[in-house]
Structure formats: C-alpha cells, structure tokens
Amino acid sequence: MGILDNCTPAQAEAITHADGPLLVVAGAGSGKTRVITRRVACLVERGVPPYRILAITFTNKAAGEMQERVHQLVQKGGVWVSTFHSMCARMLRQFADAIGRRRNFTIYDAADSLSAVKASMKDLEIDTEHWTPSAVQAAISNAKNELIAPDDYESRAASYFERVAAKVYRRYQERLAQNQALDFDDLLLHAARLLSQETAFRDYWQNRFSHVLIDEYQDTNHAQYVIAKELAARHRNICATGDPDQSIYGWRGADIRNILQFVGEYPDAKVVRLEENFRSTKPIIQAAESVIANNTERLDRALYTSREGGSPLRMFAAPDEEAEAEAIVGQIRKLAAQGRRYGDIAIFYRTNFQSRTFEHIFQLLALPYAIVGTVEFYNRREIKDILAYLRVLVNDADDVSMSRIINVPPRGIGEQTVAALSRWAAGQRVPLIEAIRRSPEIPDLAGRAGKAVDKLRSLLDALAQVRGPVAKIIDQAIKRSGYIDWHKASRDESSEERAENLGELVTAAARYDERTPDGTLEAYLEEVALVSQIDEYQDGDNRVTLMTVHAAKGLEFPVVFITGLEEGLFPHQNAMESPSGVEEERRLFYVAITRAKDELFISHAGARMRFGLITPAMPSRFVEEIPPDVIEHLPLFGQAPPPAGREDERPPVLRKPRREEAPEAEEPAPPEKGIEAGQKVRHPTFGLGEVVELTGAGSRRTALVRFKGIGIKRLLLEYAKLEKV
DNA sequence: AAAACATACATTTTT
DNA sequence: TGTATGTTTT
C-alpha cells in the first residue's frame, strides 16, 4: 500500500500504525477523508478483523463512499461504516426490549414528530397559539441531545415555557411509545443511555468493536459524544478527526468543546495536525485564513497551500436578488464558453428560499442544474402517503401513519367515522388499526360507514399477504389502494408529477432490492427515514449544483459562487445577537470559501425580496474581512448603459414575466418561428420533446415542452436552441 | 369530494 | 411573494 502523500512520515506512521486515542485535526482540503479511509484499510491489513472496526461518518453518502474505498484498498468487506443515527437504529433493534419497543419500531422524521407534538399539546389542552408546537419540539429535541429525561427537564425548568414544554415532553414520549415509534433524537438518546447504564448492552457493543473512528468530530453533540466514548471505552482505540473551524451545527446541539477537549479527555492521545491544503489556490486560502482569524474560539492553527498562482476572488454587487442571479448566470455562461463543465460549478446560499431565484433563471435559460435538498423526495405528500401504508404493514401500532392513510385516497371514512374509531381505540387502549379490524363490534358505526371500514380492512389484509421484493409491495400498495387511479381521475396540475414521483419510488425501491438481496421492508423503511439531503446528490451529471452552505460541507468544486453576502442573511439575523452566533456564521463562511478549488466568486444584493417586501441590506461584514489584494470587484451588472433599443431587446432578458403583463397569451403568435403546439423539437440538453403550449410574444415568447423522461420545461424561444424535428 | 375562496405564515441551517 | 392549510360553496 502506498504511503500517505499529504503528511510527514511521522504523521503517516501515527495514522496508519498507532493504537490508542488519536486525534487528527485536519484543516479544510487537507485530505482528511483519505487519511481516515487509509487508516481503516491499514487496520485491516495489520490483521484487525474488519467486523471489529466501526467508522462513523456524518452522512450516509460519506459512509457509502468510504466503504467502497476501503473495499478497493484491501479487497475485504465487513467494516461497519455508518452514521450515528443509522448505527443507533441498528443497535436498538437488536436490543429493542431494553427500550420498551418491539424490534419493528418506526422512525419518525421531523414532520411526524411535529404532528406528535401537536397531538400531545392537544391532549393536554395547551394553547398552540401562544406556545408554537415547533418551539416546543425544538425544546424537546435540545433536551434529548443533552440526555435530559422528562423528569429531569421538569425539575430544572426555569421558565413557564419550560414547565409547559416539560409536560408536553412527557406526553410526547408516551405517544411515541404507544405508536412503537422513535424520533431522530431518541435513536441517540436511548443508545447513549443504554451504553452508559445497561450492562448487557454495553458489554455487547464494547466487545464488538476494537477500533472506533469518528469523522467530523467537531459536529458531535453531547449524546453522540457519550456514544463514541462508551463504544471505545474498553479498547481505547478511538480515532477522532475533524476541524474546529468547520463546526457549523451548534444550533442542533453540536458542541465544539468535544473536539477542543479531546486531549484533556485522553491525555495519552496522539495528535496529528494536517495543515497543508491540497485543494485551493493561494488567494482562496488567504481569504479563508484572513476571515477565520476573526474568531476567538479556536485551536491555534494555520492553513497553507503550495499551489502557486490562481486568480483572485471576484465580487459582484447587484441591486437586487434577480440581478445577482442574472450576473451569476452570465458569468457561468462565460465560463462554459471557455470550456468549463457545468458540473464543475456550484452555487451556495445561506437559506433555502434563495434557491428560488436561481431555479427560475436556470429554467428560463434551460441551463442544466441540480438543487440539493429542497423539498426532499421522501417528504413529498404522495411518497409519504404510500410509505405510510408500508409503515402500517410493518408496525401496526403506528397510529400516525394509520391516520394518514385511513381516508387517503378517499374511501368514505369521514371525520365522524374516524372520530368514532379513535374513541373506541382510546377506550380499549389499543391502536387505531384494532378498531378497524373489529369495527363490527363498534356500535356507532352505521351501515354506510361500516362498509367503508370493511373495505379498508380487506385492503390492509390483502396488502399484508403480498410477499416479495420491496418494489413489488410498493407497487401493490399504489395500485390496490386506488391511489394511482385517484390521481389520474383528478385533473390536478400536479397529478402527473405525483404519478411520476410514485414511479420513481418504485424504481428506487427496485434499486434497493438489487443492492440488498436480503433486505426487508423494515430495513428499507429505516434507510428511507434516515436519508440526508446530500445523499441524493450525484455528481457526474454535468449540471450546476445549487445548495445551502451546510449541505456543501465535505464537498469541493473547481468553481464556487457564494451568494447573498448581506448583513442579516449571511450572517443570518437570528445568529447575530450573540458573539458565538456570529462566530458560527463565520465558520460557515469559511467552509463555503474552502470548497473552491480554482475560482471563487462572491456576491451580494443591495435589496432583496423578503416576505413580499423589498428589504434593503448592507454588504456582509465578512466581505471586509477578506484582504483587499486578493479580491477583484467586477463591474456592477447592468450598470453599463443598455444597448439602444427597447428594454426587452437588451441581451439577457431574464426578468420573470410580471403578473400585470399576463394578457400576453392573447397576443397573436408570431408566425416567423414556425413552432407551434404539437411540434416535435430537439433541445441540446434535454433531447427530444413535444411542444405543449406557447405563450408570450417577442423576446418573451415561451414554449412549454414535454421531454421524454424529463418532464415539462418552460423555455424561452430566444435562448433555448430548439430545433424542429 | 372537488373546486373555489380565504387566511396565515414563512426565511436559518438538518440527521 | 408564494405556498400550505383551512373554510365555504357547489
């Protein structure tokens, strides 16, 4: 096996051969992932049985990549590479009794959890106007991350809000137990508790692993810290890697002290510092270093690069967010003309809502793009509906899922019927599905309602009989429930898209079946519950990637645009009140900068539409923290006098059509293009398609085109090079 | 049960 | 401003 080329021989020796506690403090772009992967491979090579090695990564995507890479290096599988959440789920299923659950427990996502919080508040008749469910949910989540149980929380509650939250917390946990469910935080909470308090559980897992490695250690919260510490307690072969300057999850309980105090915790720890950056050019590193130097809470560390040359950072100042997006897209086309691949380019923003402006313009120009993690696939309504059927099949105590599908698609089980069923179930202290099974015994169910419930019962029975791969079960659920016909019948605009999504769900499940030949419905649902936004991102598609800075962690791109650098947005308003909040925002900016390999563009808008109001904004304080000699200010876009002529003839006419200009549909279609509805066309990116509709006139002439396998796109004729076929 | 209409709320960041 | 959810109407 080759030598590590991104560190000194002594460091390489420590990384590959040292046992005992090891801390790798790795700066951005220093090849940390390679280091930890190599360590795992070397352990295997030294004869450590692969199944005794546990590597914990931050996302499932990273886990998959590491697993594959280790396999390539040593031609051996069996190393357990996982995220904290997936790992805990697996551990808890094996010891479900210890937490008072059946092993087929359901994992609730944030939305499921929120509805359980709402229901708990309703149970307790707590006013949801005054105390918002999401605030209570956040309080509960924080308590769990600190491993605080409801009783402890109540006894230390200092404010009225906390006393209310404590009551909801207790009721919420009861509800989860009734539904045989755990939320994300429970996975960590229970694993941490069992590891520190339950001998059988602790002994089993401590013996199971001889070596434990944790990546992105700076972003571990208290529960994760306890889990890592306990898992490694027996053999003390704990290797933590991370970068305190890249700690960006403080708001969800990540505690930067976990990494800062690692050596205090393990005085015999070896420390390896990787300070050479192999990713970025000098100006980019200079900017990053100069910005992060303004933080106080950090380990003493410098980052340097040997890469010579490199262009300076470039900055746009735009009047508003649309002009900002136009300028960036203009710059991207310039780069593309110079031979840059779209897949080399990424656009980052602080908040998800900023993606809309970009999405609009990319669609208009038919430039290839991919947004990472907007409305996640598995959060779409139709997907959640079908998954709810599966969840009920796996865990029939799951009332949240049962209520979700009880009348979806509509089958005549109205509000009154649901209320009667729920009342009966509550009275008997049994799950809702039991009321459906035994509906003939329920007095309130008159003939018509009773029949409707009978039909639901036979549907559920029929689905429970289906055997075979997950894809088949999903397919049956979609068809037999009548879900697909229901959508076909409604001429809703979104029905076609929903049908496509359901098709995609079956396809994805088929991939799962292929990948996991011994997979179960239960394991599939678990995987689906724990996918992260970034897991869905695939590079190699040659598209411009759009994402939040948080999602960009761990990635790199030759060209990066960091947008919306305005006071109140980046740094975000809610973080600006405390110095530590600003420091975390600054680390976030540092992460963004250090994603760039070759070229970095930053931009801000003088005003931005927020809540429907045009809100002015000052440039971010972070911009001034970049040394002036590594920044070049590009001319303000659109400031050059427009070429003579009417406004809509000015080169990139990218403004979205305003509402008041709507009557454009009535204008006669100019015949000169010769493109009309029904015309078959070819597009350089999307391929063959058929024109569905034409609207607008002149430079705003727009075609709706249906492309095979891609869907309907809205294209400006002036820019989309449509070729008649 | 669908459609039409009205209102509320959002914008941190996510496993 | 746009979407998501709730309410009233057919």
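By convention in this document, chain letters (A, B, ...) are assigned in the order of the sequence lines, proteins followed by strands, and residues within each chain are numbered from 1.
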Between CD1 of A:I248 and C1' of B:dT15 the distance, given in whole Å, is 13 Å
So the side chain to side chain donor-acceptor pair (under 3.5 Å) pairs with at least one residue in residues 567-576 of chain A (sequence neighbours excluded) are A:E567-A:R621
Tell me whether A:F353 and B:dT11 count as stacked here, given that the ring centres must be under 5.5 Å apart and the planes must differ by less than 30 degrees.
yes
Sorted by position of nearest nucleotide on DNA chain B, 5' first, the leading residue of A:F58 and A:G612 is A:G612
What distance, rounded to whole Å, do you find between the two C1' atoms, one in B:dT11 and one in C:dG6? 23 Å
Between CD of A:E321 and C1' of C:dG2 the distance, given in whole Å, is 13 Å
Of B:dT14, C:dT1, B:dT11, the nucleotide closest to the side chain of A:H550 is B:dT14
From CH2 of A:W251 across to P of B:dT11 the rounded distance in Å is 13 Å
When rounded to whole Å, the CD1 to P distance for the pair A:I56 and B:dT15 reads 17 Å
Contacts of A:R608 meeting salt bridge (charged side-chain N to carboxylate O under 4.0 Å, His left out) (sequence neighbours excluded), chain-then-number -> A:E324, A:E566
Between CG of A:N142 and C1' of B:dT15 the distance, given in whole Å, is 14 Å
Just wondering, do A:F611 and B:dT11 stack (centres under 5.5 Å, planes under 30°)? yes
Is the closest side-chain donor-acceptor distance between A:Y590 and A:Q246 under 3.5 Å?
no
When rounded to whole Å, the CD1 to P distance for the pair A:I140 and B:dT15 reads 20 Å
Which of A:R391, A:R175, A:K118 passes salt bridge (Lys or Arg N to Asp or Glu O under 4.0 Å) with A:D112? Answer is A:R391
Rounded to whole Å, CZ of A:R586 lies from C1' of B:dT13 at a distance of 18 Å
For A:E526, the salt bridge (charged side-chain N to carboxylate O under 4.0 Å, His left out) test, sequence neighbours excluded, returns A:R93
**Prompt:** Looking only at side-chain N and O atoms, does A:N352 come under 4.0 Å of OP1 or OP2 in B:dT14?
**Reply:** yes
note: A:N407, atom CG; B:dA1, atom C1'; distance rounded to Å ~ 10 Å
Within less than 4.0 Å of OP1 or OP2 of B:dT14, is there a side-chain N or O belonging to A:T548?
yes
Across all chains, not counting sequence neighbours, the side-chain hydrogen bond (donor to acceptor under 3.5 Å, both in side chains) partners of A:R586 are A:N295, A:E625
Sorted by chain and number, sequence neighbours left out, ring pair (Phe, Tyr, Trp, His ring centres under 6.0 Å) with A:Y389 holds for none
Output field dot_bracket for DNA chain B (Watson-Crick or G-U, both distances under 3.5 Å, | for other-strand pairs) contains ||||||||||.....
Which of C:dT1, B:dT14, B:dT11 is nearest the side chain of A:H572? It is B:dT11
Quiz item: Which word best sums up how the rings of A:H550 and A:W251 line up, parallel for under 30°, tilted for 30 to 60°, or perpendicular for over 60°?
Solution: perpendicular
5'-most contact on DNA chain B (nearest-nucleotide basis), A:E585 vs A:D185, goes to A:E585
- Query: Contact class for A:Y249 (heavy atom, under 4.0 Å): base, sugar-phosphate, or nothing?
  - Reply: sugar-phosphate
Of the listed B:dT13, B:dA1, B:dT15, the closest approach to the A:H85 side chain comes from B:dT15
